[in-house]
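Chain letters run A, B, ... following the sequence lines, proteins first, then strands; residues in each count from 1.
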Amino acid sequence: MPEGPEIRRTADRLAEAVAGRALASAWFVFPALKRHERTLRGRTIEAISARGKALLVRFDHGWTLYSHNQLYGVWRVVAAGERPDTARSLRVALETAERAILLYSASDVAMWRTDALTEHPFLTRLGPDVLDPKLDADAVESRLQDRRFAGRRLAALLLDQRFLAGMGNYLRSEVLFEAGIDAARRPADLDVGERRRLARALLAVPARSYRARGIEAAAGMRADYLTDTPDAFRFHVFDREGLPCEHCGTPIRRSESGGRRLYFCPRCQR
DNA sequence: CTTTAAACCTGCTGGC
DNA sequence: TGCCAGCAGGTTTAAA
């Protein structure tokens, strides 16, 4: 689901189940995609990957399926022929001989030719993926100094997928806390040390979340991320309003920015 | 240009 | 139990 680490984990899980396999059938609820059902039959799923919060399924005939889960989309892996009893609405079903991958609830789904000059319009606007292992702190630092981004408040910038794809709302709070920087600051106003700390946190926090299997290791949605499973990603500020900061003991505060929840330590973040 | 507010997609939770 | 409002980890659009 939602942020970059969770989407990438989903891609891993789907790839493990069906990548390299031939499709026995394909089904779409969307009228615009119906015509692909026939052409996909017998095609091989070459790869399943994530780019930011977009999930991509590449087929061997030069087409790629794009899906965006927004807040509610869910990909599931089931045995071939199985259709779990759920209130969610099924949107896509890709079935191999042994297993099927099912997309529920998402409405932002498209197919496009992978070798076409025009990429999916959403992808062309994305910045580098925060989870890309080739992305290093130097690159993030120089991006912070890019004049497209340097004058913007970090609160808004860290959610902007054109800056870094895959960032999201819980990561925003956690990255700023890790860097010790207030969300109202702008990249242009940071000193060298602060900029360095922010660049490192922008890479380290999402990577840590990904390694911990994101915030839904336990498999569901809300509530699950509050339970302290040993290998789960642990929040330091997000969803911790009123609890003491682990560094200084000051109560964590909650505010709103861009209509989204923002949590921070008023003392540690300057 | 940036920021803000509202709308939209859908599902879950809590209160009455 | 059932209904409804409110909220949600996202994004787009229009207005300020």
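Comparing dT4(B), dT11(C), dG9(C) against the side chain of Glu6(A) picks out dG9(C) as the nearest. Nearest to the side-chain atoms of Lys53(A) among the listed nucleotides dG9(C), dA8(C), dT11(C) stands dT11(C). Considering only side-chain atoms of Arg153(A), the nucleotide from dT4(B), dT11(C), dG9(C) that sits closest is dT4(B).
Rounded to whole Å, the separation between the P atoms of dT1(C) and dG11(B) comes to 23 Å. Using atom P as the reference point in both dC3(C) and dC9(B), the two lie 22 Å apart (nearest Å).
Side-chain N/O atoms of Arg88(A) include one lying less than 4.0 angstrom from OP1 or OP2 on dC12(B). When the side-chain nitrogen and oxygen atoms of Gln161(A) are compared with OP1 and OP2 of dT11(C), one or more of them lie within a distance under 4.0 Å. Distances shorter than 4.0 Å separate some side-chain N or O of Ser89(A) from OP1 or OP2 on dG11(B). OP1 and OP2 of dT2(B) both lie 4.0 Å or more from every side-chain N or O belonging to Arg186(A). Considering only side-chain N and O atoms, Arg261(A) lies under 4.0 angstrom from the phosphate OP1 or OP2 of dA8(C).
Nucleic acid contact class of Arg148(A) (heavy atoms, under 4.0 Å, all strands): sugar-phosphate only. Looking at heavy-atom distances under 4.0 Å, Gly168(A) makes contact with sugar-phosphate atoms alone, never a base. Across all strands, Arg162(A) comes closer than 4.0 Å to no nucleic acid atom at all (heavy-atom distances). Across all strands shown, Arg91(A) has heavy atoms under 4.0 Å from sugar-phosphate atoms exclusively, and none from any base.
Aromatic ring centres of Phe233(A) and Tyr170(A) lie closer together than 6.0 Å.
What separates CG of Leu158(A) from C1' of dT11(C) is a distance of 17 Å, to the nearest Å. dT10(B) atom P lies 16 Å from atom CH2 of Trp75(A), rounded to whole Å. Rounded to an integer number of Å, the gap from CG of Asp239(A) to C1' of dG9(C) is 10 Å. Atom-to-atom, CZ of Phe122(A) to P of dT13(C) comes out at 12 Å; the value is rounded to the nearest Å. Summarising the geometry, the separation between CG on Leu159(A) and P on dA5(B) is reported as 15 Å, rounded to the nearest angstrom. Look at OH on Tyr72(A): it is 12 Å from C1' on dA7(B), rounded to the nearest Å. Going from atom CZ of Arg185(A) over to atom P of dT3(B) covers 15 Å, rounded to whole Å. Going from atom CG of Asp108(A) over to atom P of dG9(C) covers 19 Å, rounded to whole Å.
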**Message:** Would Thr64(A) and Val57(A) count as a side chain to side chain contact (heavy atoms under 4.5 Å, CB included) here? Give the steps.
**Reply:** CA-CA 5 Å; Thr64(A) 294; Val57(A) 182; 5.8 Å; no
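Under the Watson-Crick and G-U wobble criteria, each requiring two contacts below 3.5 Å, nucleotide dG15(B) is paired to dC3(C). Base-pair partner of dG9(C): not found among the strands shown (Watson-Crick or G-U wobble, both distances under 3.5 Å).
Put simply, Tyr104(A) and Ile48(A) are part of the same group of oily side chains (I, L, V, M, F, W, Y) that touch within less than 4.5 Å, one to the next.
Of the candidates Asn169(A), Leu243(A), Val237(A), Val237(A) is the only one forming a side-chain contact (heavy atoms from CB on, under 4.5 Å) with Tyr263(A).
Of the two residues near DNA chain B, Gly259(A) and Gly151(A), the one whose nearest nucleotide lies more 5' is Gly151(A).
Counted within 6.0 Å of CZ on Arg152(A), heavy atoms from surrounding residues, nucleotides or ligands total more than 12; the atom is thus considered enclosed.
Figure legend: cation-pi geometry between Arg9(A) and Tyr210(A), with NZ or CZ positioned under 6.0 Å from the six-membered ring centre and within 45° of its axis.
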